[in-house]
Protein chains: 2
Amino acid sequence: MAVTIRDVARESGVHVSTVSRAFSAAHMVNAVTRTRVMAAAERLGYRPNRAARALSTRRTANLGVIVADIANPFFPPLIKAAQAQARERDYHVFVADTDERARVEEELVRSMAKQVDGALLVASRLSGRVIAELGRDVPFVVVNRRVRGLPCVLMDVASGTRQAVDHLVALGHRDIAVLTGPSASWTAQRIRGAAEEAAARHGAGLHPVGPNPPTEEGGASAAAEVASGPATAVLAYNDLVALGLIREVEALGLSVPGDLSVVGVDNTHIARHCRPALTTVDMPVVAAGRGGIDLLVHRVTTGEDPGTVTLDTRLVVRESTAPPRSAVSRP
Amino acid sequence: MAVTIRDVARESGVHVSTVSRAFSAAHMVNAVTRTRVMAAAERLGYRPNRAARALSTRRTANLGVIVADIANPFFPPLIKAAQAQARERDYHVFVADTDERARVEEELVRSMAKQVDGALLVASRLSGRVIAELGRDVPFVVVNRRVRGLPCVLMDVASGTRQAVDHLVALGHRDIAVLTGPSASWTAQRIRGAAEEAAARHGAGLHPVGPNPPTEEGGASAAAEVASGPATAVLAYNDLVALGLIREVEALGLSVPGDLSVVGVDNTHIARHCRPALTTVDMPVVAAGRGGIDLLVHRVTTGEDPGTVTLDTRLVVRESTAPPRSAVSRP
DNA sequence: CTGAAAGCGCTAACAG
DNA sequence: CTGTTAGCGCTTTCAG
């Protein structure tokens, strides 16, 4: 049987409440009794039971991190950063994967609610209404999504998207396809919106294709439509989609960037290594994970609304973008 | 304030213990009172507090998954599979990242102990002695490591390693470098051991280089030594190390696989996409994650030792391996 | 500064 | 089948 506070009390000859204070309000107990208690605890290998403590304090010292897909390379660095920052502040973290399904996400939050002090909702697929409703039970911080009344950490993908479109136009592209992501994705909406705006500003044509699942398959399945369309460049919802598109479009006999320029979003490690190396919009995921936890902890400890933090994104140019053939041939 | 079992009791006109039974031992309560209770619970939005329940049942319905580095692409699919399987069985999972540090790992396990029914230790860097000691507090299942007396899920990297060496020898390589991994890594030891054995069997030379950190930097920093050595092929501790090596060796003016064949381990998604696509040993991470949770749940619910499960690995040949120049020039 | 006592939300014998 | 009565391990008044 695990050693409890009573064992320590007995061992050190004080009352349990004194032991309790020694651990959670050290200043309220005489220095010498305190060291005696600590020594006894040490000897017995006592460790406070956080769950039991939670029952009376109503603070679990646990946080939830809820993401759409752990295996999508966008998320792991964010999860890692969040977990590290949480540990720094002595919180444990539950990580849950919703498989991109809103129902699962909702159920996960509900079943976790009593066990966490707050949760980080990353790229949530829930409707704003449901988020707001759940937000009454669990303090949230929302990452990559703007929700009225909730603290958010936003990666400003619009700015990176604009840079991408500017880059493509500067290379000479006049028709750009955009492979849209899941319709419930805030990021997907922002990418599309910013791309339309930027294209319009340049008087370039923008051709939406999708929505597509945020996977290589999603990109691959859009290849035929892209190849048969007028676009000489494409902006994909994320790196995975870009990769799937490239693979499939090459199977169709086109070359990237010779026949088609491709830009991804996320700057996952794959973008650096794939062939051709991917021009992509870098997302500050580490800062977002760490910052999200900071806001969350701030919120759950002070009760204040920490407001919204916006992080910059920027285009990283690599090898998957080049001038279109037409532009090359008319100097 | 959250709604508790008493509220439901009051609302439905029964005692709290009846409500409790309605939720956790439905068959012990009359069907009609049960539906009445459930209706009241529904109306009030009641959800059992799992932490409070844990206090009396001594079962938290939480599991821990402890890994060396969430951002290492080897782990996310494993974590995802483990999390999904746990959810299937109605467990929540704490995920923790040890940053490859044994101290952190130990502290993590200790602080988590009271809050989980068991933990999956993936690629643990702890000494066998410490694992065994911690294992008295927390039921473990150990992944990718053999520990006497604990249930293990092993990915038999030795067989894949043998295949890799056989493959290199068949191509004509007579001197093979092996970039060894962290000395505390069981997998690293197995790779090295199997490589030595297989090389000896073929009468080929084996040249250990390392230990190296399991990262691209680790691979890069071994490049000079490899390039100046006799080896025409190298077996890297993992895909990341292989990638780092390739990048750096190319910077030194060598080409892969022209001047040097490189084999990775893990078959992370990067291996498929990098240039040249990486010949690597496929690790059944999804099966390991799922299977690990199965063993763990079996163990914590029945108390039985589920024993050890061994999963096969196999070589996936891609573009980073080819005959050595010398072999090509003497037909 | 320390002890006594009540209680967090839920379960688990034990009667009835 | 259901109510009563004790706790699970810890914190938190309230006295002293």
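Each chain gets a letter, A, B and so on, in the order its sequence line appears, and its residues count up from 1.
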Note to self: Tell me the interatomic distance from B/Q115, atom CD, to D/dC10, atom C1', rounded to whole angstroms.
What the structure shows: 14 Å
Next item on the list: Could you say whether B/A31 or B/A54 is positioned toward the 5' end of DNA chain D, judged by the nucleotide with the nearest heavy atom to each?
Entry: B/A31
Next item on the list: Could you work out which one of D/dT2, C/dG3, D/dG9 sits closest to the side chain of A/R21?
Entry: C/dG3
Item checked: Donor-acceptor pair under 3.5 Å, B/R58 side chain vs D/dG9 base -> no
Next item on the list: Round to the nearest Å and state the distance from B/R6 atom CZ to C/dC10 atom C1'.
Entry: 10 Å
Next item on the list: Would you kindly give the CG-to-C1' distance between B/D7 and C/dC8, to the nearest whole Å?
Entry: 13 Å
Notebook entry, point to check: Under the 3.5 Å rule, do the base of D/dT11 and the side chain of A/R50 count as making a donor-acceptor pair?
Noted result: no
Note to self: Closer than 4.0 angstrom, basic N to acidic O: yes or no for A/D137 and A/K114?
What the structure shows: no
Next item on the list: Answer yes if the side chains of B/Q115 and A/N62 hold a donor-acceptor pair under 3.5 Å, and no otherwise.
Entry: yes
Check: At under 4.0 Å between heavy atoms, what does B/S17 touch on the DNA or RNA strands: base, sugar-phosphate, or nothing?
Finding: base
Margin query: Nearest whole Å is fine: how far is C/dG9 P from B/Y46 OH?
Written below: 10 Å
Notebook entry, point to check: So, is A/T18 close to the C/dG3 phosphate, meaning a side-chain N or O under 4.0 Å from OP1 or OP2?
Noted result: yes
Margin query: Using heavy-atom distances to pick each residue's nearest nucleotide on DNA chain D, tell me which of A/M28 and B/S56 is more 5'.
Written below: B/S56
Next item on the list: Could you state the atom-to-atom distance from CZ of A/R34 to P of C/dC1 in whole Å?
Entry: 12 Å
Checklist line | Spacing between B/N49 atom CG and D/dC8 atom P, to the nearest angstrom | finding: 18 Å
Next item on the list: Classify the ring geometry between B/H92 and A/F94 as parallel (under 30°), tilted (30 to 60°) or perpendicular (over 60°).
Entry: perpendicular
Note to self: From the set C/dC10, D/dT2, C/dT2, return the single nucleotide nearest to any side-chain atom of B/T33.
What the structure shows: D/dT2
Margin query: Nearest to the side chain of B/A52, heavy atoms from C-beta on, is which of C/dC14, D/dG9, C/dG9?
Written below: C/dG9
Check: How many Å lie between CZ on A/F23 and P on D/dC10, as a whole number?
Finding: 9 Å
Next item on the list: Go through the side-chain N and O atoms of A/T310 and A/D156 and say whether any donor and acceptor fall under 3.5 Å apart.
Entry: no
Next item on the list: For B/E100 and B/P182, work out which heavy atoms get closest and say how close.
Entry: OE1-CG, 4.3 Å
Note to self: If I take atom OG1 from residue B/T98 and atom CG from residue B/L121, how far apart are they, to the nearest 0.5 angstrom?
What the structure shows: 9.0 Å
Next item on the list: Please determine if a side-chain N or O atom of A/R53 lies less than 4.0 Å away from the OP1 or OP2 oxygen of D/dG9.
Entry: no
Notebook entry, point to check: Just checking A/S20: base, sugar-phosphate only, or nothing, at a heavy-atom cut-off of under 4.0 Å?
Noted result: base
Check: Counting only side-chain N and O atoms of A/H15, is one of them less than 4.0 Å from OP1 or OP2 of C/dA4?
Finding: yes
Next item on the list: Round to the nearest Å and state the distance from B/I5 atom CD1 to C/dG7 atom P.
Entry: 18 Å
Next item on the list: Report which part of the nucleic acid B/V19 touches: base, sugar-phosphate, or nothing (heavy-atom distance under 4.0 Å, all strands).
Entry: nothing
